[in-house]
Amino acid sequence: AAHRFSPWSLSSTRFCYRVPEPEPARAQPAPVLVTRVSSTVALVHWRAFVLPVGMHEVEYLVTATPARPTVTNDGAVVVQLVLPERHGNSEREKQRLPAEISPEQQPQVEARMASLMPLVEYVVTVRARYP
């Protein structure tokens, strides 16, 4: 019986616990860069989102949306890719506050997007969430 917890305890008052959302790095000149690899594949580059202290894992949702409806009805659709990432592996990076890291110091992230339609203009967006 020496290792048992007591049958009751006092409760805390209510409190709100909120984790700030990942924030995009304010990189210049463009936050998202797209490079054509082939007629159906593009490489998307962006700076890692800024995560609050203590958070190191994030999932990116990369979306390529046709810029305008196609007249030929060629089947161009929205293409999405979910990319899990881990940031801040070193102890030094884990201890730095997000405000101390300039956008240029944020690591570069890239994703390979396939199944794009040739001759279709796309707009690419990147969003982040915690897994």
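The first residue in the sequence is number 1, and the count goes up from there. Just the heavy atoms: all of them, side chains too, but no hydrogens, waters or symmetry mates, feed the values below.
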Checking [X] now: which residues fulfil side-chain contact (heavy atoms from CB on, under 4.5 Å) with it, not counting sequence neighbours?
X	answer
E110	L43, H45
P24	R26, F49
V109	W46, A48, Y60, L83, E85, H87

Identify whether [X] and [Y] are in the same connected component of the hydrophobic contact network (ILVMFWY, side-chain heavy atoms under 4.5 Å).
X	Y	value
L116	L61	no
V58	V19	yes
Y130	L81	yes
V123	V41	no

- Query: Once you round to the nearest 0.5 Å, how far does CZ of R127 lie from CD of E21?
  - Reply: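 So the CZ of R127 and the CD of E21 are separated by 10.0 Å.
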
- Return the set of residues passing salt bridge (Lys or Arg N to Asp or Glu O under 4.0 Å) with R129 (not counting sequence neighbours), or none when no residue passes. E59

- Message: Going by the rule salt bridge (Lys or Arg N to Asp or Glu O under 4.0 Å), which residues pair with E57 if we only count those two or more places apart in sequence or in a different chain?
- Response: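 Expected list: R86.
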
Is there a side-chain contact between [X] and [Y], using heavy atoms and a 4.5 Å cut-off?
X	Y	answer
P22	V50	no
V37	R112	yes
V79	T63	no
P118	T40	yes
V44	L33	no

- Taking only residues at least two apart or on different chains, which pairs with a member in residues 114-125 satisfy side chain to side chain donor-acceptor pair (under 3.5 Å)?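 Only R68-E121 qualify under side chain to side chain donor-acceptor pair (under 3.5 Å).
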
